[in-house]
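Here's the structure we're looking at; comments come further down.
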Amino acid sequence: MGFETIECSKRSVTAHVILNRPHVINAFNTRMRDELYEALEWAREDRDVRVVVLRGAGERGFCAGADLTEFGTAPSQAVARDVRWERDLWDLMRRFRKPIVAALHGYVIGTGMEMACFCDVRLAATDAEFGMPELSLGLVPAAGGSQTIPRDIGLGRAVEMFLAGPTRRLSAREALAIGLVQRVVEKDALFDEAERLARQLARWKPSVVEAVKRAVVEGMDMPLETGLRLERRLAARLGGATV
Amino acid sequence: MAAPRVRVDLKGAVATLTLDRPRARNPIDENMASQLRDACSGLSSDNSVRVVVLTGAGDVFYAGVEFAGRYRSGTPTKTLPQSFTVAEHIAAIPKPVVAAINGDAMDQGLELAMACDLRIASEHARMGLTQLAHGTMPRDGGTQRLPRLVGRARALEMLLTARVVNASDALRIGLVNEVAAEGRAVELSHELAAAIAGLAPIATRYLKEAVLKGLDMPLDQGLRLEADLSILLHSTADRAEGLRSFVERRPAAFRGK
C-alpha cells in the first residue's frame with residue numbers, strides 16, 4: 001500500500017501500523033487520518049490479521065499532537081464539520097473488532113494520547129511522556145479525549161490532565177500508576193514487547209476476542225442489567241459450553 | 001438579614017469562596033446554604049471570574065453536619081434537609097472550581113469538595129462519607145460522585161464501612177489531585193487557579209461541559225458532543241490567538257471572546 005504519512009505491514013497474524021512523519025514527531029494531519037482509516041479498514045477485512053500494533057516512527061515520540069499548520073484552513077465551521085465526519089477514524093477505532101495494541105514512546109501529546117486511548121492495551125517505553133495541552137491553545141480535545149480519558153483514568157485525574165495540561169506532563173511511571181498505560185518497558189524492548197503481546201492475543205479464538213471486547217466496551221455504556229443481557233447473548237452466540 | 005457565613009473574595013480572575021463559621025467547624029446551616037447558592041450563581045454570571053476556589057475558614061474545610069454534631073452538645077442532626085443541599089449549585093458553575101481542602105472534609109463537606117473539578121488536600125486532612133454510622137445517608141451527591149471519582153468498588157467500601165481516609169490514601173485512589181504540606185493547600189490552590197485562569201475561558205467551559213455531560217452519555221454520543229463543541233470553538237477569537245501564539249512562540253493572551 002502506498003502511504004505517505006504511515007507505514008503498514010503484515011507479520012503473519014499481526015499488522016503493524018506505524019505513524020511515519022518523524023520530522024514533525026508524527027504530527028497528525030488530515031492525510032494521516034485518511035491513511036489510517038484505509039489501513040485499519042484493510043486490517044479489519046484481512047482474515048490473517050488478528051491483532052493490530054500501532055506505533056510511531058523515529059526517536060522522538062509516538063505522536064506530538066495535531067499538525068497545527070492545518071488549523072484555521074477550513075473556510076467555514078460548516079465545512080470543518082463536514083471534513084470531521086467524512087472519515088470518522090475515531091469511530092472506526094471505537095468499533096474495531098480486533099484488539100489494537102499501542103506501543104508508546106517519547107512524546108504522546110494531545111491527539112497522540114487520544115489516538116492511544118482508542119487502543120485496547122497500551123505499552124509505554126520508560127521515556128514516554130503524556131500531556132493534553134489543548135486548552136492553552138484555545139482548543140478542546142477533538143479526537144475523543146474528553147470522552148475516552150475520563151473513562152480510562154477517572155473523572156478527577158482526567159480533568160486535572162486537561163486543566164494542568166500545558167504545565168505538567170505525566171511520566172510513564174505516573175501513567176502506569178493511574179491506569180493510563182498497562183505496562184512500562186525499556187525503550188529498546190518496546191516494539192518487541194508489543195509484538196509479543198500482540199502474538200499472545202492472536203492466539204485466542206477471534207470470535208471470542210471480539211465478543212469480549214464488545215461486551216466490555218458496549219457494556220460500559222449500558223445500565224448493568226442491559227450489559228448482563230448483552231454478555232449472555234454474545235456468549236450464547238459463541239456456542240460451546242453453557243452455564 | 002442573616003450574618004454572612006460565606007465569604008467571597010475577588011482577586012484578578014480568581015474568586016475565593018470561603019465557608020466561614022470556623023468556631024463551629026464550618027457546618028452548613030440553612031442561611032449558609034442559601035448564601036452559598038447565591039454566591040455560586042453570582043460567580044457563574046460574573047465574566048471577570050475565570051476560576052473559583054472553594055475553601056473553609058480556620059483549619060477545617062467543612063466537618064459536616066453529622067460530624068459537627070459530635071463536637072457540640074445536644075443531638076446531632078439526623079438527616080440533611082433539602083434546603084441544606086448545595087453541591088448541585090457548585091457543580092453548575094460552568095468554570096473550573098478548585099477545592100482547597102485545608103482540613104477535614106467530612107460528610108457533606110466531602111460532597112461539596114467532590115462537586116468541584118479539582119481537589120488539593122492538606123496532608124493532615126481526613127475525608128469520608130460517614131453518614132451511615134449516624135443512621136443516615138449522603139444526600140448532597142455523595143453516592144453518585146464518589147464512584148465516578150474512585151470507581152465503584154472503592155466507593156462502596158468507603159460508604160459501607162464509613163471509612164475515613166487520609167490525604168495520601170485519597171491521592172492514591174484519585175479522590176484528590178494533589179496533597180499540600182500542612183497549611184499550604186489554599187496557597188497551592190491559588191497557584192493552580194492562577195495557571196488555569198490563563199487558559200482560554202470559552203474552551204475551558206466547553207471542555208467541562210464535554211467531560212461532565214459526556215460521562216452521562218454512551219461513548220458515541222459523547223464523541224459527537226465533543227466534535228460539535230470543538231467546531232463551535234472555531235468561531236472564537238481566542239482559538240485564533242492560541243494558534244498564533246503557538247506559531248510565534250509566546251504565551252497566549254485570551255480574552256474570553
Side-chain angles (χ1 to χ4, degrees), chain A residues 65 68-72 74 76-85 88 90-91 93-95 114 118 132-151 153-168 177-179 217-218 220-222 224, chain B residues 51 96 98 114 117-119 145 148-151 172-178 192 195-196 198-200 202-204 206-212 214-215 217-223 225-247 251-252 254:
Chain A
L68 295 181
T69 61
E70 255 190 2
F71 281 46
S76 74
Q77 288 162 64
V79 171
R81 190 165 187 267
D82 291 342
V83 170
R84 166 69 177 79
W85 297 114
D88 193 356
W90 313 126
D91 199 56
M93 293 181 79
R94 180 183 71 83
R95 290 182 293 108
E114 298 176 87
F118 277 109
M132 292 297 291
E134 283 80 354
L135 287 181
S136 65
L137 297 167
L139 311 168
V140 291
S146 73
Q147 307 303 309
T148 54
I149 297 170
R151 284 167 167 81
I153 66 174
L155 179 59
R157 283 174 177 137
V159 171
E160 180 182 0
M161 276 209 88
F162 299 134
L163 292 180
T167 49
R168 190 165 167 273
I178 63 172
V217 175
E218 290 174 29
M220 289 291 286
D221 274 345
M222 296 172 178
L224 179 60
Chain B
V51 189
V98 181
M114 291 193 298
D117 300 302
L118 294 165
R119 284 155 292 280
R145 292 201 173 89
R148 283 164 169 80
L149 285 169
V150 305
R172 191 175 46 76
I173 65 177
L175 183 54
V176 303
N177 299 97
E178 222 175 304
L192 179 61
I196 294 170
L199 302 172
I202 301 171
T204 303
Y206 283 8
L207 174 91
K208 187 168 167 171
E209 182 178 340
V211 171
L212 293 177
L215 270 184
M217 295 175 179
L219 180 56
D220 61 330
Q221 298 299 312
L223 292 169
L225 173 66
E226 179 196 89
D228 285 344
L229 288 173
S230 90
I231 285 163
L232 201 49
L233 273 182
H234 288 210
S235 64
T236 63
D238 281 349
R239 182 177 184 272
E241 160 65 8
L243 294 170
R244 226 173 14 247
S245 72
F246 182 78
V247 173
F254 295 120

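Chain letters run A, B, ... following the sequence lines, proteins first and then strands; every chain starts at 1. Computation of the quantities below employed the complete heavy-atom set of this structure, encompassing side-chain atoms and omitting hydrogens, waters and symmetry-equivalent molecules.
- Neither the backbone nor the side chain of Arg145(B) comes within contact range of chain A; no heavy atoms are under 4.5 Å apart.
- For Arg94(A), the part sitting under 4.5 Å from any heavy atom of chain B is the side chain, from C-beta outward, and nothing else.
- Note: Asp220(B) leads Asp220(B), Leu192(B), Asp238(B) in heavy-atom pairs under 4.5 Å with chain A.
- In terms of non-hydrogen atom pairs under 4.5 Å with chain A, the most contact-rich of Leu175(B), Asp228(B), Val176(B) is Asp228(B).
- Here CD of Glu134(A) is found 11.5 Å from CZ of Arg239(B). Values are rounded to the nearest 0.5 Å.
- Put simply, the side chain of Val247(B) does not reach to within 4.5 Å of the side chain of Leu68(A), judged on heavy atoms.
- One N or O on the side chain of Asn177(B) and one on the backbone of Gly156(A) form a donor-acceptor pair closer than 3.5 Å.
- For Arg81(A), the parts lying under 4.5 angstrom from a heavy atom of chain B are both the backbone and the side chain.
- Interface residue Leu243(B): backbone and side-chain heavy atoms are both found under 4.5 Å from chain A.
- Side-chain contact between Ser230(B) and Leu139(A) is absent, with no heavy atoms from C-beta onward closer than 4.5 Å.
- Remark: Met217(B) CE to Asp221(A) CG distance equals 11.5 Å, nearest 0.5 Å.
- Of all the listed residues (Leu118(B), Asp117(B), Leu215(B), Leu219(B)), the one sharing the greatest number of non-hydrogen pairs under 4.5 Å with chain A is Leu219(B).
- Neither the backbone nor the side chain of Ala158(A) comes within contact range of chain B; no heavy atoms are under 4.5 Å apart.
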Run the numbers on Lys208(B) and Phe162(A) for side-chain contact (heavy atoms from CB on, under 4.5 Å), then give the verdict. CA-CA 9 Å; Lys208(B) 187 168 167 171; Phe162(A) 299 134; over 6 Å; no
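- Between Leu155(A) and Leu212(B), the closest side-chain pair of non-hydrogen atoms falls below 4.5 Å.
- Remark: Phe71(A) CZ to His234(B) NE2 distance equals 7.0 Å, nearest 0.5 Å.
- In this structure a side-chain-to-backbone donor-acceptor pair under 3.5 Å is missing from Glu241(B) to Gly138(A).
- In this structure, chain A has a heavy atom under 4.5 Å from the side chain of Ala252(B), while its backbone stays farther away.
- Listed for the Gln147(A) side chain is a donor-acceptor partner under 3.5 Å among the backbone atoms of Ala210(B).
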